Number of protein chains: 2
Amino acid sequence: MSPKKISKGLNREEFIENLSYDSVIFGFNGEQLKILILEYHNTGLFALPGGFVRRNESLDDAVKRGLKERTGLDHIYLEQFHTFGGLKRSDARAMRRILEKNGLDIKDHEWMLDRFLSIAYYALINYEKVVPIPDALSDSINWYAIDELPPLMMDHRQIVATALEVLRNNLEKKLVGMNLLPSKFTMKQLQRVYEVILGEDLRRTTFQRRLLGMNILDRHEKLFQGKAHKAPYLYSFKSSNTDNIKQL
Amino acid sequence: MSPKKISKGLNREEFIENLSYDSVIFGFNGEQLKILILEYHNTGLFALPGGFVRRNESLDDAVKRGLKERTGLDHIYLEQFHTFGGLKRSDARAMRRILEKNGLDIKDHEWMLDRFLSIAYYALINYEKVVPIPDALSDSINWYAIDELPPLMMDHRQIVATALEVLRNNLEKKLVGMNLLPSKFTMKQLQRVYEVILGEDLRRTTFQRRLLGMNILDRHEKLFQGKAHKAPYLYSFKSSNTDNIKQL
DNA sequence: GTATTATTGTAACAAAATGAGACAATAGGA
DNA sequence: TCCTATTGTCTCATTTTGTTACAATAATAC
């Protein structure tokens with residue numbers, strides 16, 4: 001979890017206590033699956049973007065609010081996948097260090113050192129449309145390939161692992177590609193999305209036949225890439241599948 | 001959610017505030033899928049069994065503790081499936097009524113009228129092994145067929161619907177039958193479990209061939225039911241599948 | 001005993017989905 | 001003009017699933 005607006009006085013009464021959320025924000029750069037990771041000022045500590053829930057806002061709204069602040073995007077595909085409630089997951093020492101390095105009074109923020117349960121969400125976004133923005137306590141937010149993550153705080157490594165597992169299970173059901181790719185894409189790009197999520201190579205011909213057979217794609221003009229070979233068609237998801245753009 | 005040990009002084013400091021859990025406890029009586037529902041004293045209010053999380057216990061432990069109290073069973077198959085965090089889900093009026101009808105001082109329990117986020121779990125249990133026990137605020141706890149539920153408090157109807165949806169998705173992956181049936185069962189019983197969860201009839205021969213083909217069942221002696229037809233074999237899940245008895 | 005009945009286990013064949021190659025089409029480079 | 005890498009599609013083999021058929025059999029009726 002990552003507190004926000006501390007400098008403006010993040011005060012205990014405003015938020016539900018002992019509760020935070022964390023978000024695993026997936027993007028696809030055409031080749032790799034990546035997620036957004038925050039680095040806290042002068043601490044060498046890396047964490048998932050997260051935040052707290054206001055007393056008068058719904059959980060989903062809280063997460064959407066945080067996501068909007070980190071990515072500038074509205075209407076993001078969001079899915080809640082697990083609540084982490086272990087006793088040992090919180091790390092008061094790391095939290096204290098983050099507060100100190102940000103020049104904040106520990107006494108005012110003692111509640112942040114307490115135990116937290118955290119509700120985890122994953123988001124799927126169009127990588128190209130985002131310029132990530134760090135939060136108040138962090139000096140950077142960057143994309144990291146899913147298999148090249150820095151060491152993460154607390155149980156965030158576990159949260160990412162669970163997110164990936166759930167994403168894998170939802171791959172077929174939820175038309176995941178729709179939310180990770182630009183609106184028009186080649187069959188190869190779509191296949192690549194499937195491959196990085198499943199972590200295995202797929203047979204080109206079978207994949208193509210299967211996806212076309214599902215009757216969820218529209219074919220458009222060819223994409224001339226300036227390469228010395230046949231140009232692929234561009235495809236898009238049929239608009240009748242728009243109901244799969246779940247945005248909570 | 002359903003507070004416990006109120007009479008002995010359920011006090012605010014002991015628990016994480018604004019947070020509860022609810023459990024959808026599935027059982028199979030050989031014919032129907034059922035769940036356990038509490039009825040609160042003299043209120044006509046029905047609810048899922050639930051409770052609060054102690055400050056010094058993990059979320060999973062809290063749910064296990066509550067389940068043990070309701071069913072007397074240890075080592076129950078448990079799966080967390082969603083956290084409900086809407087603003088409107090709490091119902092202070094109903095809560096007040098429950099407290100009043102139980103002769104409890106509202107002032108001492110004002111925190112219970114506040115907003116709650118609730119983490120929902122489902123449990124799968126062997127119907128035959130359970131004698132359900134109501135909690136301190138309830139006068140009864142009973143099995144209800146999944147399609148004959150009484151009107152439930154707050155968003156509990158939605159919680160049940162989501163539980164069923166998730167259970168359906170997990171049916172193939174998680175060897176659900178193993179946890180709803182006695183250790184030995186006929187192919188027909190197993191098929192019936194699949195049918196009530198999926199909500200559709202399955203072809204007998206295809207089902208049998210597919211399940212046997214999975215190589216997860218051991219065949220045992222025949223079961224003579226005293227009926228005028230061929231006796232079915234009894235089956236059990238191979239012990240090598242014991243890792244699917246997830247108990248958190 | 002013997003025929004009857006309902007259900008079970010399995011085989012047999014058809015239909016559908018998937019795996020594995022092969023091949024023609026083609027955009028740009030040599 | 002030929003060459004190269006990639007794409008779209010077809011074919012045939014293999015696997016999985018749908019559908020029907022049928023023999024085996026435990027209790028009952030006679």
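Only this structure's heavy atoms are used, side chains among them; waters, hydrogens and symmetry mates stay out. All values reported here derive from a predicted model rather than from experimental measurement.
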Exercise for the section: Would you mind reading off the distance between Gln189(A) atom CD and dT6(D) atom C1', rounded to a whole angstrom? Expected result: 14 Å
Exercise for the section: Can you tell me the distance, in whole Å, between the CD atom of Gln191(B) and the P atom of dT7(C)? Expected result: 13 Å
Exercise for the section: Give a yes/no answer on whether the side chain of Lys222(A) brings an N or O atom under 4.0 Å of OP1 or OP2 in dA27(C). Expected result: yes
Problem - Side-chain N,O (Arg209(A)) to OP1/OP2 (dG21(C)) below 4.0 Å - result: no
Practice task
Using a heavy-atom cut-off of under 4.0 Å over every strand shown, decide if Thr186(A) touches base, sugar-phosphate, or nothing.
Solution key: nothing
Handout entry: d(CD, Gln208(A); P, dC10(D)) in whole Å
Key = 11 Å
Completion exercise
Asp201(A) atom CG is separated from dG19(C) atom P, nearest whole Å, by 14 Å
Problem - Nucleotide nearest Leu212(A) (side chain, heavy atoms from C-beta), chosen from dT9(D), dG8(D), dA24(D) - result: dT9(D)
Handout entry: salt_bridge(Glu195(A), Arg192(A)) N-O dist < 4.0 Å
Key = yes
Completion exercise
His229(B) NE2 to dG9(C) P, in whole Å, measures 11 Å
Completion exercise
From the list Val193(A), Leu180(A), Leu217(A), side-chain contact (heavy atoms from CB on, under 4.5 Å) with Phe185(A) holds only for Leu217(A)
Exercise for the section: Report the distance from atom OH of Tyr233(B) to atom P of dA24(D), rounded to the nearest whole Å. Expected result: 13 Å
Practice task
Using only side-chain N and O atoms of Lys188(A), determine if any of them is under 4.0 Å from OP1 or OP2 of dT7(D).
Solution key: yes
Practice task
Kindly indicate whether the side chain of Arg204(A) and the base of dG8(D) share any N or O donor-acceptor pair separated by less than 3.5 Å?
Solution key: yes
Completion exercise
Considering only heavy side-chain atoms of Tyr235(B), the closest of dT18(C), dG9(C), dA5(D) is dG9(C)
Fill in the blank from the handout: Arg210(B) has its side chain closest, among dT17(D), dG8(D), dA20(C), to dT17(D)
Practice task
Look only at the side chain of Ser23(A) and the backbone of Pro49(A), and say whether a donor-acceptor pair between them is shorter than 3.5 Å.
Solution key: yes
Problem - Interatomic distance, Leu202(B) CG vs dT16(D) P [rounded to whole Å] - result: 19 Å
Problem - Arg203(B) side-chain N/O to dT17(D) phosphate OP1/OP2 under 4.0 Å - result: no
Fill in the blank from the handout: Ranking dG8(D), dT17(D), dG9(C) by distance to the side chain of Met187(B), first place goes to dG9(C)
Practice task
Keeping the roles fixed (side chain from Gln191(B), backbone from Leu202(B)), state whether a donor-acceptor pair exists under 3.5 Å.
Solution key: yes
Fill in the blank from the handout: Ranking dC10(D), dT8(C), dT19(D) by distance to the side chain of Pro232(B), first place goes to dT8(C)
Problem - Comparing Lys227(A) and Thr206(A) on DNA chain C - which has the more 5′ nearest nucleotide - result: Thr206(A)
Problem - Toward the 5' end of DNA chain D, by each residue's nearest nucleotide, Ala228(A) or Gln225(A) - result: Ala228(A)
Practice task
Would you classify Gly213(A) as touching base, sugar-phosphate or nothing, given that sugar-phosphate means primed atoms plus P, OP1 and OP2, and contacts are heavy atoms under 4.0 Å?
Solution key: nothing
Practice task
Return the value, rounded to whole Å, for the distance between atom CG of Leu190(B) and atom P of dG9(C).
Solution key: 12 Å
Practice task
Would you state whether a donor and an acceptor, one from the side chain of Lys230(B) and one from the base of dT25(D), lie under 3.5 Å apart?
Solution key: no
Exercise for the section: Inspect the contact between Arg210(B) and Glu172(B) and indicate whether a charged nitrogen and a carboxylate oxygen are less than 4.0 angstrom apart. Expected result: yes
Exercise for the section: Return yes if a side-chain donor-acceptor contact under 3.5 Å exists between Ser118(B) and Ser20(B), otherwise no. Expected result: yes
